[in-house]
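Data block below; observations after.
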Amino acid sequence: MTQAHRYITTPIYYVNGAPHIGHAYTSVAADVIARFHRLDGKTVRFTTGTDEHGQKVEQAAQAAGIATQAFTDEMSQGFRVMSDAMGISYDDFIRTTEPRHKASASALWERVRDNGHIYLGAYEGWYALRDESFYSADEITERPDGTKVAPTGAPVEWVREPSYFFRLSAFEDRLLKLYEDQPGFIGPEGRRREIVSFVKQGLRDLSVSRTSFSWGIPVPGDPAHVMYVWFDALANYLSSLGYPDVSNPLMAFWPADLHLVGKDIARFHAVYWPAFLMAAGIELPRRVFANGWWTIEGEKMSKSIGNVVDPRDLIAEFGLDPIRFFLLREVPFGGDSDLNRRAIITRLNVELANDLGNLVQRTLSLIARNCGGVLPARTAPTEDDAALLAMADALPDLLRGCVERCALTEGLEDVWKVIRACNAYIDRMAPWALRKTDTARMAAVLRVLADVLRTIGTVLQPYMPDTMARLLDQLAVPAEARALTALQTRLPDGLELPAPQGLFPRYVEPAA
RNA sequence: GGCGGCGUAGCUCAGCGGUAGAGCAGGGGAAUCAUAAUCCCUUGGUCGGCGGUUCAAAUCCGUCCGCCGCUACCA
């Protein structure tokens, strides 16, 4: 991949509830990928935002007794605050209620319509007024008295409402070809199989407009309809770039390199979205990757159980970088995983405080105390030195590969192998003993460690930006020498180092 | 029901045809520069059951058991 720019997106989050750890997780993962590419010299466009239309939002606003727009303003702000709290380095926060988005979604609709892929039909089905939703025939049960009811117990009636349809059925073959020609289009692999088998079952045309509520983008040329929320929402990836204004320089970022999404919305991104784009004659995104869910202390996260985790609570207790680290370290990315206190504390104490934090501390304080606080000179490496340095030098490429595959957990594992090797090295070399017998060799050993720590700090910046900035500060790495390419130039000998300070304090459980 | 995935050390998982692996937890030892952190050694598994293919199977095939995912308009 030598492409010079990257366009990475998070989903836009639906504003019918407050942000929780699941939203934070997807955003952090996307953020790490975006930051990595920037570190790797790419020009990156990274977007997030909120999806604000639809009947549920309209109802929630009514229930709250506020104007719908005011309601979405407030809910959207909650997601912006969450993004900032998690250190998400987004370039744009797009809202579907913004004029620029409405214009963009409308333009996309017109283009698809003009290409002959939208037609007016009728949406019919079993409708429960009480639930305000449609049910399929197999969900309906008939009571002894003859009334038909939904699974919720609400009575249903057969209704027919005019609706625009998208000719999704016409894209079945092209979608299957897409999945076959570009196996990387959907990840992880298991998710890809599900999508393929879904499409193979056959696609029906998709109802893409509603007349039963009005909180949405009016259908161009027929304002009695509003757009189906997914047609509206997916368009955000284009509206953020200024579509349909092709003269907008941001349009150069299209097609998107990666849409990172939760597994629940994989289908919309891997089936509907490419179909809409094909219909519009627009290039397709390169990759859609679905991440898994978090369970909380072994239980599914849900409002009814009352175990929904607010990421801000975690940050308040453990700190931002440790939580970012935990979220990406604990799961094989793509799968589900459990969030529990013991696991968090173990990870933070063992891997951050002991393995990495303590390594930095012992190395830097040896330099501070025995090398006059300046970076020792590089010397011809011994076999041990060369082996360790080679491991570190391999990291940038290893991480590039992991990031391309969205294998963020594996990336951390690769870095930790080097950290463990550093601890083994420092013990074997024992610079504290060399101090009495061979100060030149002691200095050489510490220099090797400093160089390796600099590489570690550099490649971990996307995961833990604040703390790694502090590590690089302590190694006196200039701001302009913190990118991946800068690693090819070693730090000058004799560089003055500031006094070492702890990076990751051990977490001590507060006395109960 | 259909399609797919998983089941490997106490825990979380990697391996996916050639004499069972990592991290954590447990046990023993070393060291004492460091956030009592670190390093070394080590206990521990008939790789879900049963059949089959092969000189050789966690690894391929069949079957059974147990979990889980997907199966369209729900964010």
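The analysis underlying the following values was restricted to heavy atoms, covering all of them including side chains, and did not include hydrogens, waters or symmetry mates. What you see is a predicted model, and the numbers here were worked out from it, not measured in a lab. Reminder, nothing fancy here: chain letters follow the sequence lines and each chain counts from 1.
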Check against salt bridge (Lys or Arg N to Asp or Glu O under 4.0 Å), A:Asp427 and A:Arg362: CA-CA 11 Å; A:Asp427 261 51; A:Arg362 64 201 303 208; 3.1 Å; yes
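A:His259 and A:Trp273 share a side-chain donor-acceptor pair at under 3.5 Å. Side-chain contact annotation: A:Arg95 with A:Asn236, donor-acceptor N/O pair under 3.5 Å absent. Side-chain contact annotation: A:Tyr25 with A:Arg324, donor-acceptor N/O pair under 3.5 Å absent. Counted by atom type alone, A:Asp321 and A:Tyr463 present zero donor-acceptor pairs between their side chains at under 3.5 Å.
The glycosidic torsion of B:rA58 lies within 90° of 0, placing the base in the syn range.
Mapped onto RNA chain B by nearest heavy atom, A:Arg210 and A:Ser197 fall at different nucleotides, with A:Ser197 at the one closer to the 5' end.
Relative orientation of the A:Phe318 and A:Tyr507 rings is tilted, given thresholds of 30° and 60° on the angle between their planes. A tilted orientation is assigned to the rings of A:Phe165 and A:Tyr123, their planes being inclined by 30° to 60°. Relative ring orientation between A:Tyr164 and A:Trp109 is described as perpendicular, the plane-to-plane angle rising above 60° on a 0-90° scale split at 30° and 60°.
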Heavy-atom protein contacts under 4.0 Å, nucleotides 32-39 of chain B, coded B base, S sugar-phosphate only, - none: SBBB-SBS
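Base engagement by A:Ala233 is indicated by at least one non-hydrogen atom pair under 4.0 Å involving a base atom. Among the protein residues, A:Trp416 comes within range of no part of the nucleic acid, since none of its heavy atoms lies under 4.0 Å from any strand. Residue A:Phe268 is classed as a base contact, given a heavy-atom separation below 4.0 Å to a base. Among the heavy atoms of the strands, none lies under 4.0 Å from A:Lys200. Residue contacts for A:Leu203: at a heavy-atom cut-off of 4.0 Å it reaches a base atom on one of the strands shown. Residue A:Gly22 is classed as having no contact, given no heavy-atom separation below 4.0 Å to the nucleic acid.
Across B:rC67 and B:rC24, the matching C1' atoms stand 24 Å from one another, rounded to whole Å. As rounded to the nearest Å, B:rA14 and B:rC6 have P atoms that lie 9 Å from one another. Annotation: B:rG44 and B:rA9 have their C1' atoms spaced 6 Å apart (nearest Å). Using C1' as the reference atom, B:rC16 and B:rC61 are 15 Å apart when rounded to the nearest Å. The gap from the P atom of B:rG27 to that of B:rU46 amounts to 22 Å, rounded to the nearest Å. Between B:rG51 and B:rA57, the two C1' atoms lie 14 Å apart (nearest whole Å). Taking atom C1' in both B:rU8 and B:rC13, the straight-line distance is 9 Å, to the nearest Å. B:rC47 and B:rC60 have their P atoms separated by 15 Å, with the value rounded to a whole Å.
In this structure, A:Ile265 places its CD1 atom 17 Å from C1' of B:rG69, rounding to the nearest Å. Between the CD atom of A:Glu330 and the P atom of B:rC24 there is a distance of 13 Å, given to the nearest Å. Atom pair A:Lys263:NZ and B:rU71:P shows a separation of 11 Å (rounding to whole Å applied). The CZ-P distance, from A:Arg341 to B:rC24, rounds to 22 Å in whole Å. Computed from coordinates, the A:Ile195 CD1 to B:rG69 C1' distance equals 12 Å when rounded to whole Å. One can place CZ of A:Phe326 at 11 Å from C1' of B:rU12, the figure rounded to the nearest angstrom. Computed from coordinates, the A:Lys417 NZ to B:rA22 C1' distance equals 8 Å when rounded to whole Å. Atom CD of A:Glu351 is separated from atom C1' of B:rA25 by 14 Å (rounded to the nearest Å).
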Watson-Crick and G-U pairing of RNA chain B written in dot-bracket, each distance under 3.5 angstrom, with | for inter-strand partners: ((((((((.[[[[.)..(..]]]].(((((.......))))).....[[[[[..)....]]]]])))))))....
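Between A:Phe166 and A:Phe171, the distance separating the two ring centers is shorter than 6.0 angstrom. Close placement of the A:Phe268 and A:Trp230 rings is indicated, their centers lying within 6.0 Å of each other.
For CD of A:Glu124, the number of neighbouring non-hydrogen atoms (other residues, nucleotides, ligands) closer than 6.0 Å is greater than 12.
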